[in-house]
Amino acid sequence: MSTPTPLPDNTACPRCGGGFHCGVEDGWCACFGTRLGEDLKQDLATRWPGRCLCLRCLTELARQDPGSHVPDAPGTAGPLPLC
């Protein structure tokens, strides 16, 4: 019988040092709506192997990456078109 791999300590963001909780093991995390481009995924895995970033840092990096998509926050989709 193999011993399960321990989960990474995701109580502090390795990029900014801010506290956060990764919800992936809870079945839902705020980052689930963010799609990261392949280049950004590889960069994150190299820089912070086995670690999660807080949503603020992840969003900031994803917005700078043309291969990524960050959903708009509720209520920020812009003005409604005039009919």
Side-chain angles (χ1 to χ4, degrees):
M1 182 190 274
S2 65
T3 305
T5 304
L7 296 174
D9 175 15
N10 288 315
T11 57
C13 177
R15 182 173 182 254
C16 72
F20 79 106
H21 173 76
C22 173
V24 72
E25 290 299 317
D26 300 337
W28 186 87
C29 189
C31 73
F32 284 1
T34 302
R35 290 190 306 267
L36 303 179
E38 289 303 315
D39 290 340
L40 180 56
K41 282 192 240 182
Q42 289 177 11
D43 182 46
L44 296 176
T46 299
R47 290 165 63 180
W48 299 291
R51 302 289 309 271
C52 293
L53 274 62
C54 70
L55 188 58
R56 189 176 114 228
C57 284
L58 191 64
T59 298
E60 184 178 308
L61 293 170
R63 287 194 194 280
Q64 297 170 9
D65 178 57
S68 298
H69 171 75
V70 179
D72 290 328
T76 62
L80 294 174
L82 299 174
C83 296

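Note that these values count all heavy atoms, side chains included, but never hydrogens, waters or copies made by symmetry.
The CZ atom of R35 sits 12.5 Å away from the CG atom of D65 when rounded to the nearest 0.5 Å. Between the CD atom in E60 and the CG atom in L55 there is a gap of 11.5 Å [rounded to 0.5 Å]. Taken from SG in C52 to CG in L58, the straight-line distance is 9.0 Å, to the nearest 0.5 Å.
Residues C29 and G23 approach most closely at SG-N, 3.3 Å, considering heavy atoms. Taking each heavy atom of R63 and P71 in turn, the nearest pair found is NH2-O, 4.0 Å. For the pair D26 and C22, the tightest heavy-atom approach, listed with the atom from each and the gap, is OD2-O, 4.3 Å.
Side chain of R15 to backbone of C54: no donor-acceptor contact under 3.5 angstrom is found. The closest donor-acceptor contact from the side chain of S68 to the backbone of G37 lies under 3.5 Å.
Under a hydrophobic-cluster definition in which Ile, Leu, Val, Met, Phe, Trp and Tyr are linked whenever side-chain heavy atoms come within less than 4.5 Å, directly or via other members, L40 and W48 are assigned to the same cluster.
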Chi angles and distances behind the side-chain contact (heavy atoms from CB on, under 4.5 Å) call for L61, L36: CA-CA 9 Å; L61 293 170; L36 303 179; over 6 Å; no
